Amino acid sequence: MRILQLHCDSIEFTPVKKEIEYAEEIEPTAKKLEEVVVAFIAVEDGDNSTVAKKAMSEISESMKKVGCNRLLLYPYAHLSSKLASPSTAFSIFKEMESLSKELEVTRAPFGWTKSFKIHVKGHPLAETSKTITAGEKDEITSDAVKAESKIESFWYIMSTDGKMHKVNEFDFANHQNLEFLAKYEASKKRSVDAPPPHVKLMKKMAIADYEPASDSGNMRFFPNGRLIKSLIERYVSDKIMDYGGMEVETPIMYDSHHPSMESYFHRFPARQYNIDSEGKKLFLRFAACFGQFLMAKDFQLSYKNLPLKLYELTRYSFRKEQSGELVGLRRLRAFTMPDCHAMCKDMEQAKEEFRKRFDLSKEVIKGLGIDESDYEMAIRFTEEFYNENKSLIEETVKKNGRPVLVEMWKERFFYFVLKWEFNFVDNLGKASALSTDQIDVENGKRYNIEYIDENNKPQNPIILHNSPSGAVERVIYALLEKAAKDIREGRKPQFPLWLAPSQVRIIPVKPEYLQYCEQLAEKITGFEIRVDVDDRNESVGKSIRDAETDWIPYILVIGEKEVSAEKFSIRDRKSGNVKELTIDDLINEIKEQTKGKPLMKLNMDRDISKRPQIMV
RNA sequence: GCCUCGAUAGCUCAGCCUGGUAGAGCGAACGCCUCGUAAGCGUUAGGCCGCGGGAUCGAAUCCCGCUCGAGGCUCCA
């Protein structure tokens, strides 16, 4: 049971509306009490009569100290995240009400939304909180949970000239998505009434689906989805390796009782999957940090080796997000995360690296087909870091080219002093982070990562945590949400050409041209272009339609004319035109548009009659 | 955790209010058509109406419970 106890001059509350089935039957009239102790109470799972008695005796004892005899029991759910069932809670409230003979006890109605006006006295004992359990072991609340509730954020918008504006004074006229982001982050307004449109598309395009036999948020990827994922993974990995990242692979599960993990969890409790195995308490990683830090600890490092960049594509990272937060590909419990850490010798080097990685992230996001207008940047830092590094922050915001949402903390609570993200804003105005980088001043020590400096002294590095793309699944979500927007606004949806599961479809007018189509497909395949053939004996109209609904970028219809001529009529999805090109022109055009992007083979049979129908 | 909604053919859904032989489109199989840039035609197969109970002569339909799923909310306590 959680109790927040306030000694008040007065409280006035009004039941507004019944909120749950168990709401008690009362006349919803306002009630005012003066000179009263108000106990806001959340009854938790496992609470019983003993707890009720204990709570009442503790409350009455403390009321004696402040010399007050009037008590209001006020049901208040927000104090706990593991509430008892309403029926249990209600009966415990009634029990508590009846327990005390000396006190004048009033109870606020249970199950109602209530408005209230409260005036709390200012003396030292006026405000206290208690956690009461049936006995045995009291719940261990980590420092982090306590601290997190105290953390206070100050929100601003920084314009590209480095000026900070209060959020409510900023003119969002040309920055609607930034306004969405600011509202989403700074306020608690997150309610929408429809599922995001990418969910339907991810099924319809046979990319991914829920797997009921697994846990929620663990998706299955069909051939199309697997291909798109592979391409994105390859692209991001290549970019990070160009930047200097060394790719490694580390375990997906770790011992919760390893000292570094214990220290980490104590400070940053997370929702992780736990597995008991042979007496060990293992957990599934929610980031690549663990494996990479433990690896870096075992390296012998000199300052000459820094910055040291380790990279891993985690397939998967696991986070046991609350079931209600999981939606399509936006937020998953198992996700694929490119994660690149850089161990830097000091803040100067960290800042230099930070700049490079910002540029890398911008480039990667662009390469993935996400435009500047699709995302908004947020940057977060401690006040101290801001005062000492104004120019770095202002320069970064300037590079972004558009105003940025700022969150500033008075004190450092997290392990980082600076963090930024690009937030994709979807069709419902919901924001989710893609690229991100952080400057971490704490984990070098926690994981005993050391390098030897110029003076032969061991030092802990500053660590940057960068994902240039964000979770790969989330990138697909962003692309699908963009496609949904195109559909809504009357444009043809499409994937970037390099990600299209099939880039070219060849359709014979009659079966007698099928063999020619196959030869042509063979030739195009030789240039590492994904091409397939509609070998079904369907009408041309039907085949075109099916190719269009598959978002195929180029459609070739082959008949008598083509078999004997050089030029082909090619339906180009992007321009919407049918144009006359030779096959070499087409190949050149595709190669030009997919330059610098990874190449992969078709992930389904070339003949579409051989493919299973994926009906989901 | 809590709330809401949902579960009928492989898929999307109708039927439920007002109880009386299980419906459509797509997809699949088979056949006809041999076709020039977004759906050619026909035939056939395919159902424990999520599970369990109740009331009823009779339940996909009404009542109760459960399971699973989706979405939303951490608002409610």
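Just so we're on the same page: letters track the sequence lines, and every chain starts at 1. If you're wondering where the values come from, they're calculated on a predicted model, not measured in any experiment. Side-chain atoms are counted along with the backbone in the values below, which use heavy atoms only and exclude waters and symmetry mates.
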Can you tell me how far [atom2] of [N] sits from [atom1] of [X], to the nearest Å?
{"X": "A/R331", "N": "B/rG72", "atom1": "CZ", "atom2": "P", "answer": "11 Å"}
{"X": "A/I552", "N": "B/rA38", "atom1": "CD1", "atom2": "C1'", "answer": "14 Å"}
{"X": "A/R571", "N": "B/rA38", "atom1": "CZ", "atom2": "C1'", "answer": "6 Å"}
{"X": "A/R545", "N": "B/rG36", "atom1": "CZ", "atom2": "P", "answer": "18 Å"}
{"X": "A/K542", "N": "B/rA39", "atom1": "NZ", "atom2": "P", "answer": "10 Å"}
{"X": "A/K492", "N": "B/rA38", "atom1": "NZ", "atom2": "C1'", "answer": "8 Å"}

Could you please name the option among [options] that lies closest to any side-chain atom of [X]?
{"X": "A/V578", "options": "B/rA70, B/rU37, B/rG72", "value": "B/rU37"}
{"X": "A/K430", "options": "B/rA39, B/rG72, B/rC35", "value": "B/rG72"}
{"X": "A/E560", "options": "B/rA38, B/rU34, B/rG36", "value": "B/rG36"}
{"X": "A/Y210", "options": "B/rG36, B/rA38, B/rA70", "value": "B/rA70"}
{"X": "A/Q613", "options": "B/rG72, B/rG27, B/rU37", "value": "B/rG27"}

Salt bridge (Lys or Arg N to Asp or Glu O under 4.0 Å) involving A/D426 - partner list, sequence neighbours excluded: A/R330
Partner residues of A/E538 under the salt bridge (Lys or Arg N to Asp or Glu O under 4.0 Å) criterion, sequence neighbours left out: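 Here no residue qualifies.
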For [X], which contact category applies under a 4.0 Å heavy-atom criterion: base, sugar-phosphate, or nothing?
{"X": "A/E512", "result": "nothing"}
{"X": "A/E211", "result": "nothing"}
{"X": "A/G576", "result": "nothing"}
{"X": "A/S569", "result": "base"}
{"X": "A/K561", "result": "base"}
{"X": "A/A89", "result": "base"}
{"X": "A/G559", "result": "base"}
{"X": "A/V509", "result": "base"}

Pair assignment for B/rA7, Watson-Crick or G-U wobble, requiring both distances under 3.5 Å: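 Paired with B/rA7, as far as the under-3.5 Å criterion goes, is B/rU67.
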If we call it a pair only when both distances are under 3.5 Å in a Watson-Crick or G-U wobble match, what pairs with B/rG20?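 The answer is B/rC57, by the H-bond criterion.
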Using the C1' atoms only, state how far B/rC30 lies from B/rC49, rounded to an integer number of Å.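 To the nearest whole Å, 29 Å.
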Distance, P atom - from B/rU21 to B/rC3, rounded to whole angstrom: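 The same atom, P, in both gives a distance of 38 Å.
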Residue pairs passing the ring pair (Phe, Tyr, Trp, His ring centres under 6.0 Å) test with at least one member in residues 536-561 of chain A, sequence neighbours excluded, are A/F495-A/W551
A/G328 or A/A42: which one's nearest nucleotide on RNA chain B is closer to the 5' end?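 With A/G328 and A/A42 compared, the 5'-side residue is A/G328.
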I want to confirm an ordering. Mapping A/K200 and A/R330 to their closest nucleotides on RNA chain B, which one lands closer to the 5' end? A/K200
Centre-to-centre under 6.0 Å for A/F335 and A/F318, is that the case here? no
For residues A/M219 and A/M202, determine if any side-chain heavy atom of one lies less than 4.5 Å from a side-chain heavy atom of the other.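 In short, these two side chains touch, coming nearer than 4.5 Å.
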So, are A/D486 and A/R491 salt-bridged, with charged N and O less than 4.0 Å apart? yes
Proximity to RNA chain B (any heavy atom under 4.0 Å), residues of residues 531-539 of chain A only: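 Per residue number, the list reads A/N537, A/S539.
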A/K94 to A/F90 six-membered ring, cation-pi geometry met (6.0 Å, 45°):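 Here A/K94 passes the 6.0 Å and 45° test against A/F90.
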Go through the structure and list residues passing ring-ring contact (aromatic ring centres under 6.0 Å, His included) with A/Y210, not counting sequence neighbours. none
Return all side-chain donor-acceptor pairs below 3.5 angstrom for residues 557-568 of chain A, not counting sequence neighbours, or 'none' if the list is empty.
{"residue": "A/E562", "atom": "OE1", "partner": "A/G559", "partner atom": "N", "Å": "2.9"}
{"residue": "A/S564", "atom": "OG", "partner": "A/E560", "partner atom": "O", "Å": "3.1"}
{"residue": "A/S564", "atom": "OG", "partner": "A/K561", "partner atom": "O", "Å": "3.3"}

